Amino acid sequence: MAGSPTARRRRLSIELKKLREKSTLTCAQVGEALDWSGSKVNRMETGSGRVQPSDIDALCRFYSTTDELRDFLKSLAREAKTRGWWQVHGSGVPEWFNIYIGLEQEASTFRQYQCELIPGLMQTESYTCELHKTGAHMAAEDIARAVRVRMERQTLLTRTGAPDAWFVVNEGAFRHVIGDQALMREQLERVLDSAQLPSVTLQVLPFDSGTYPATGSFTMLGFPDQEDPDLVYRDGITDATYLEGEHHVREYTRAFDGLRAAALSPQRSAQLIASVLKEYTS
């Protein structure tokens, strides 16, 4: 079973939708049979509303499930109500990003393309703080909370059972000076250290790579349980997009494979980053 509240909620939604589709009924038909609205059933299946254990009892009686499946779904519903460690930081983490962190915590594979900035899981405190000061009108205490969350997220790469993480980063991210050269020296040293972790592969997409099959940054998360499908995540200034359909995942996987093919090898990538680092020390 997935471990974070967000992942549990997602798994519950998936299982409820599978049960309804197996019955060949619509949300409206299920809702009418249970004296609910069809929108309530839809919210349960999309994870946009909380599901009570009593709702699970009613659905499982209607679908004639086994006792084991009913108990499993009820445990998912109860545990989906718990709070993740990142949620204690309040307004330092937007609600739409809370969802992503919960899924990230459960991922077994992590694929990310960054076209402008150093990946968040490799950022220093100073770099992260500078980004938040410049890119959003946040109170100082909220910036501090956001930085703490990002630093704690980075333990994902060093914990036991760390996900297989593969990063492709545009060369411009290393040459774009955030703060000052001293800050960038520290940041590039952190990147080189992170690239040495056994779970991490880092490639640089150089300026002279020609055309490549992507526009904009994106992240793909894969999960250990086959019942939890892979997804694509893209974020903006005020919201995020989650793409879960097979077509989306297939096309983004194809794009990421193309980016990996166009990028430098991990060894040559480290050499390029080290050469940029020297420029910041001159």
Side-chain angles (χ1 to χ4, degrees), residues 100 103-104 107-124 126-128 131 150-151 153-179 181-224 230-235 243 248-282:
Y100 172 77
L103 296 171
E104 180 187 69
S108 57
T109 62
F110 183 97
R111 303 287 183 263
Q112 185 175 87
Y113 171 60
Q114 277 291 345
C115 61
E116 293 184 276
L117 302 171
I118 302 298
L121 295 179
M122 297 182 178
Q123 292 176 10
T124 64
S126 298
Y127 187 97
T128 300
L131 290 178
R150 185 159 299 179
M151 295 304 103
R153 282 175 54 214
Q154 293 177 0
T155 62
L156 183 76
L157 299 180
T158 57
R159 72 187 186 190
T160 301
D164 175 26
W166 199 307
F167 300 87
V168 177
V169 185
N170 193 286
E171 181 179 346
F174 302 103
R175 296 191 179 278
H176 179 194
V177 178
I178 300 295
Q181 291 199 346
L183 187 155
M184 291 303 297
R185 285 198 300 272
E186 178 189 38
Q187 178 57 75
L188 266 59
E189 288 170 352
R190 169 69 67 81
V191 170
L192 289 172
D193 288 342
S194 297
Q196 296 300 311
L197 294 171
S199 63
V200 172
T201 301
L202 172 64
Q203 291 181 266
V204 176
L205 186 67
F207 287 145
D208 62 1
S209 62
T211 57
Y212 45 86
T215 56
S217 301
F218 63 89
T219 302
M220 295 190 298
L221 300 178
F223 302 92
D230 295 354
L231 64 83
V232 178
Y233 169 81
R234 301 188 69 156
D235 63 13
L243 304 172
H248 296 299
V249 172
R250 182 175 63 251
E251 291 305 311
Y252 273 88
T253 298
R254 184 177 298 170
F256 192 77
D257 288 343
L259 288 164
R260 291 193 293 190
L264 300 175
S265 68
Q267 294 75 20
R268 291 183 62 198
S269 295
Q271 292 170 1
L272 186 149
I273 296 170
S275 69
V276 177
L277 177 59
K278 288 180 181 179
E279 295 176 15
Y280 290 138
T281 59
S282 60

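Computed from a predicted model, the values in this text were never measured in an experiment.
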Participant: Quick one: does any side-chain atom of Gln187 pair with a main-chain N or O of Phe174 as donor and acceptor, under 3.5 Å?
Facilitator: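 Such a contact is absent between Gln187 side chain and Phe174 backbone.
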Participant: Which class fits the ring pair Phe167 and Phe110: parallel under 30°, tilted 30 to 60°, perpendicular over 60°?
Facilitator: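 Aromatic pair Phe167/Phe110 classed tilted.
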Participant: How far apart are the C-alpha atoms of Arg260 and Tyr212, what are their side-chain angles, what is the distance that settles it, and do they pass the side-chain hydrogen bond (donor to acceptor under 3.5 Å, both in side chains) test?
Facilitator: CA-CA 10 Å; Arg260 291 193 293 190; Tyr212 45 86; over 6 Å; no
Participant: Taking Val169's backbone N and O only, do any of them form a donor-acceptor pair with Gln114's side chain (distance below 3.5 Å, no angle check)?
Facilitator: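 A pair under 3.5 Å: no.
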Participant: Who pairs with Glu116 by side-chain contact (heavy atoms from CB on, under 4.5 Å), at least two apart in sequence or on another chain?
Facilitator: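 Applying side-chain contact (heavy atoms from CB on, under 4.5 Å) to Glu116 gives none.
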Participant: Do side-chain atoms of Arg190 reach the backbone of Gln123 as a donor and acceptor pair under 3.5 angstrom?
Facilitator: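 Yes: the side chain of Arg190 pairs with the backbone of Gln123.
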Participant: Looking only at atom types and distance, does a side-chain atom of Tyr127 sit under 3.5 Å from a main-chain N or O of Ile118, one as donor and one as acceptor?
Facilitator: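 Confirmed, Tyr127 side chain pairs with Ile118 backbone.
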Participant: Assess whether salt bridge (charged side-chain N to carboxylate O under 4.0 Å, His left out) is satisfied between Arg254 and Asp257, documenting all intermediate values.
Facilitator: CA-CA 5 Å; Arg254 184 177 298 170; Asp257 288 343; over 6 Å; no
Participant: What's the separation between atom CG in Leu197 and atom CE in Met122, rounded to the nearest 0.5 Å?
Facilitator: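 Between Leu197 CG and Met122 CE, I get 8.0 Å after rounding to 0.5 Å.
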Participant: Which value, rounded to the nearest 0.5 Å, describes the distance between Phe223 atom CZ and Leu103 atom CG?
Facilitator: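 The CZ atom of Phe223 sits 5.0 Å away from the CG atom of Leu103.
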Participant: Of all heavy-atom pairs between Asp230 and Val249, which one has the smallest distance, and what is that distance?
Facilitator: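 Scanning both residues, the minimum pair turns out to be O-CG2, 3.6 Å.
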Participant: Checking Asp193 now: which residues fulfil side chain to side chain donor-acceptor pair (under 3.5 Å) with it, not counting sequence neighbours?
Facilitator: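 Side chain to side chain donor-acceptor pair (under 3.5 Å) list for Asp193, sorted by chain: empty.
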Participant: What I'd like to find out is whether the side chain of Leu221 reaches to under 4.5 Å of the side chain of Thr109, using heavy atoms alone.
Facilitator: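 Answer no - side chains too far apart.
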Participant: So which atom in Thr128 and which in Met151 form the shortest heavy-atom distance, rounded to 0.1 Å?
Facilitator: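 So the minimum-distance heavy-atom pair works out to OG1-CE, 3.6 Å.
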Participant: Quick one: CE on Met184 to CD on Glu279, what's the gap to the nearest 0.5 Å?
Facilitator: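 Separation between the atoms: 11.0 Å.
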Participant: Can a donor-acceptor pair be found, under 3.5 Å and without considering hydrogens, that links the side chain of Ser199 to the backbone of Ala162?
Facilitator: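 The answer is no, because no donor-acceptor pair under 3.5 Å joins these two groups.
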Participant: Using modelled atom types and a 3.5 Å cut-off, is there a donor and acceptor pairing between side-chain atoms of Gln203 and backbone atoms of Pro266?
Facilitator: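 Not a single qualifying donor-acceptor pair exists.
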Participant: Would you say the side chains of Tyr100 and Glu104 form a donor-acceptor pair under 3.5 Å?
Facilitator: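 Looking only at side-chain atoms, Glu104 and Tyr100 do form a donor-acceptor pair, the distance falling under 3.5 Å.
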Participant: Of the non-hydrogen atoms in Gln112 and Pro119, which two are nearest, and what is the gap between them?
Facilitator: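 Looking at all heavy atoms of both residues, the shortest contact is OE1-CB, 3.3 Å.
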Participant: Taking the inter-plane angle between the rings of Phe218 and Phe256 on a 0 to 90° scale, is it parallel (under 30°), tilted (30 to 60°) or perpendicular (over 60°)?
Facilitator: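 Plane angle over 60°, so perpendicular.
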Participant: So which atom in Asn170 and which in Cys115 form the shortest heavy-atom distance, rounded to 0.1 Å?
Facilitator: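 Taking every non-hydrogen atom into account, CB-O, 3.6 Å.
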Participant: Judged by atom type as modelled, is there a donor-acceptor pair below 3.5 Å linking the side chain of Ser209 to the main-chain atoms of Leu205?
Facilitator: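 A pair under 3.5 Å: no.
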Participant: Once side-chain contact (heavy atoms from CB on, under 4.5 Å) is applied, do any residues pair with Thr281, and if so which ones, sequence neighbours excluded?
Facilitator: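 Checked Thr281 against side-chain contact (heavy atoms from CB on, under 4.5 Å); matches are Arg185, Lys278.
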Participant: Measuring from atom CG of Leu183 to atom CD1 of Ile178, what distance do you get when rounded to the nearest 0.5 angstrom?
Facilitator: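 Leu183 atom CG to Ile178 atom CD1 measures 8.5 Å (nearest 0.5 Å).
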Participant: Any sub-3.5 Å donor-acceptor pair from Thr201's side-chain atoms to Trp166's backbone N or O?
Facilitator: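 Not confirmed, Thr201 side chain does not pair with Trp166 backbone.
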Participant: If you look at every heavy atom in Ser126 and Glu186, which pair is closest and at what distance?
Facilitator: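 The pair with the smallest heavy-atom distance is OG-OE1, 3.7 Å.
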Participant: Which pair of heavy atoms, one from Ser108 and one from Pro224, lies closest together, and at what distance?
Facilitator: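 For Ser108 versus Pro224, the nearest heavy atoms are OG-N, 3.3 Å.
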Participant: Measuring from Ile273:CD1 to Glu189:CD, what's the distance to the nearest 0.5 Å?
Facilitator: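 Result: 12.0 Å between the selected atoms.
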